[in-house]
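Data first, discussion second: the structure below is written as structure tokens.
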Number of protein chains: 2
Amino acid sequence: MPAMTAKPRDRTDESLIALRRILRATELYARDLAQAAGMTPAQLRVLQVVDEKGGATPKALANQMSVSQATVTALVDKLVARGMVERRSSEQDRRQINVVMTALGESTLEHAPDALQQRYVRAFEDLADWEQAQLVSSLERVADMLDAKRLDASPVLTTGELPSANVSE
Amino acid sequence: MPAMTAKPRDRTDESLIALRRILRATELYARDLAQAAGMTPAQLRVLQVVDEKGGATPKALANQMSVSQATVTALVDKLVARGMVERRSSEQDRRQINVVMTALGESTLEHAPDALQQRYVRAFEDLADWEQAQLVSSLERVADMLDAKRLDASPVLTTGELPSANVSE
DNA sequence: GTATATAGTTAGTCTATCGAATTATTTGAG
DNA sequence: CTCAAATAATTCGATAGACTAACTATATAC
């Protein structure tokens, strides 16, 4: 077999393998990061979203994270117990609750040593200008190919918990 | 933050956002895929690894998936209960157990409609030759920047469950 | 003003995960 | 050869995250 001239099929596999490595690396680091911040990945994710948005309702958190409102309630309970966030009733609509950061939450997030992101950012910023441009365009292209519905995303590299998908047993 | 920003973002942020979109898309689809195959994401992942390797010991599965052996035992129990895999004692070392696919397991995997991967593969194969080459090189570059230890990966686009990381409470 | 819709919480159940203890088997040191 | 240490797997008990369904409180609409 001519080792050269990779057929399209080989390239597809190569791209999938690279993608899979990207996914696994971020998964693995998400655990370590959460551990380092003294909480679980799911809790950290809530904290990140609340921080990013400058406060959010459980409803909004549930949508953003694609989990049920009940799950958000449980996660927020734990973050409240740890003093990371507070619940504040809305004035306009008293059914709504706003989840907001506490000073402790802010500083915990601030000091979470995001090793993966730091390493990545450092490496990325060491690249030549044209290389950066090419990487961004490639990543966006792949994201478009995967993410048809264009989800709202933020520049924070953490994965969330996957739900157990409650399937028979 | 709204999707469209007037000011062009920093390129590092753009790349992180694209990465995050990739992660989220795969997470979301991992659930659907597992559901469609009639099992949970963690169970599906075990099945994929067993299939790929043509059988594996619980020890090997635990290493490959970065979970404890106890967890693997539990997952294999469920797959056995569903007739997807079998346990076979090793002849050489009778402490070892080999987990192997059943016909049902094979066919279930075969027929799992991996919408995400199919869509991605289709899109990828529609690209011009040079574009494919560029994408592969970009993805591998990113994978290297994230995954210092070069994990063993396969061309299967599924994310696993993140462990709860058993941190205080 | 009552009916309906919406936001959030509570209750009950399931899966995934862990660490520690247990069992069976292999290996190695005398 | 024998017995201690190491190794593979399982069992046990506990915790976290997730879901659905039911419930409470508030808002809106007719």
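Every chain is numbered from 1 and lettered A, B, ... according to where its sequence line falls, protein lines coming before strand lines. Computed from heavy atoms alone, side chains included, the values below leave out hydrogens, waters and symmetry copies.
Where DNA chain D pairs in unbroken runs of 3 or more (Watson-Crick or G-U, both distances under 3.5 Å), the stems are C:1-30 with D:1-30.
Counting to the nearest Å, the P atom of D:dT10 and the CD atom of B:Gln96 are 12 Å from each other. Note: CZ (B:Arg45) to C1' (C:dT17) measures 11 Å, nearest angstrom. If you measure from atom CG of B:Asp77 to atom P of C:dC14, you get 17 Å, rounded to the nearest angstrom. At whole-Å resolution of the value, CD1 in A:Ile97 and P in C:dT6 are 18 Å apart. Rounded to whole angstrom, the span from the CG atom of A:Asn98 across to the C1' atom of C:dT9 amounts to 17 Å. With rounding to whole Å, A:Lys78 atom NZ is found 13 Å from C:dT10 atom P. In this structure, the CD atom of B:Gln35 is 9 Å from the P atom of D:dT20, given to the nearest Å. One interatomic measurement links the two molecules: CG of A:Leu75 to P of C:dT9, which rounds to 12 Å at whole-angstrom precision.
A:Asp77 pairs by the salt bridge (charged side-chain N to carboxylate O under 4.0 Å, His left out) definition with A:Arg87, not counting sequence neighbours. Under the salt bridge (charged side-chain N to carboxylate O under 4.0 Å, His left out) criterion, A:Asp126 pairs with no residue, sequence neighbours left out. Contacts of B:Thr57 classified as side-chain contact (heavy atoms from CB on, under 4.5 Å), with partners at least two apart in sequence or in another chain: B:Lys59, B:Ala60, B:Gln96, B:Asn98. Scored by the side-chain hydrogen bond (donor to acceptor under 3.5 Å, both in side chains) test, B:Glu131 finds A:Arg141 as partners (sequence neighbours excluded). For B:Ser90, the side-chain hydrogen bond (donor to acceptor under 3.5 Å, both in side chains) test picks out B:Gln92, with sequence neighbours left out. Partners of A:Glu125 according to the salt bridge (charged side-chain N to carboxylate O under 4.0 Å, His left out) rule, which considers only residues two or more places apart in sequence or in another chain, do not exist here. Applying the salt bridge (charged side-chain N to carboxylate O under 4.0 Å, His left out) rule to B:Arg94 yields no partners; only residues at least two apart in sequence or on another chain are considered. Scanning for side-chain hydrogen bond (donor to acceptor under 3.5 Å, both in side chains) contacts around B:Thr108 gives an empty result, with sequence neighbours left out. A:Ser137 pairs by the side-chain hydrogen bond (donor to acceptor under 3.5 Å, both in side chains) definition with nothing, not counting sequence neighbours.
Looking only at distances, a side-chain donor or acceptor of B:Arg11 sits under 3.5 Å from a matching main-chain atom of A:Asp129. For A:Ser66 (side chain) and A:Ala62 (main-chain N/O), no donor-acceptor pair under 3.5 Å exists by modelled atom type.
Put simply, B:Arg87 has no side-chain N or O that comes within less than 4.0 Å of OP1 or OP2 on D:dA9. Between B:Ser68 and C:dC18 there is a side-chain N or O to OP1 or OP2 distance below 4.0 Å. Of the side-chain N and O atoms in A:Thr73, one or more sit less than 4.0 angstrom from OP1 or OP2 of C:dT9.
Heavy atoms of A:Gln69 sit under 4.0 angstrom from at least one base atom. Note on B:Ala74: a base of the nucleic acid sits closer than 4.0 angstrom, heavy atoms only.
Each of B:Leu104, B:Val50, B:Asp51 was compared with B:Met84 under the side chain to side chain contact (heavy atoms under 4.5 Å, CB included) criterion, and only B:Leu104 meets it.
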Pairs under 3.5 angstrom, nitrogen or oxygen only, protein versus nucleotides 22-30 of chain D, please.
residue: D:dA27; atom: OP1; partner: A:Arg94; partner atom: N; Å: 2.9

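A heavy atom closer than 4.0 Å to some atom of DNA chain C occurs in no member of residues 55-62 of chain B.
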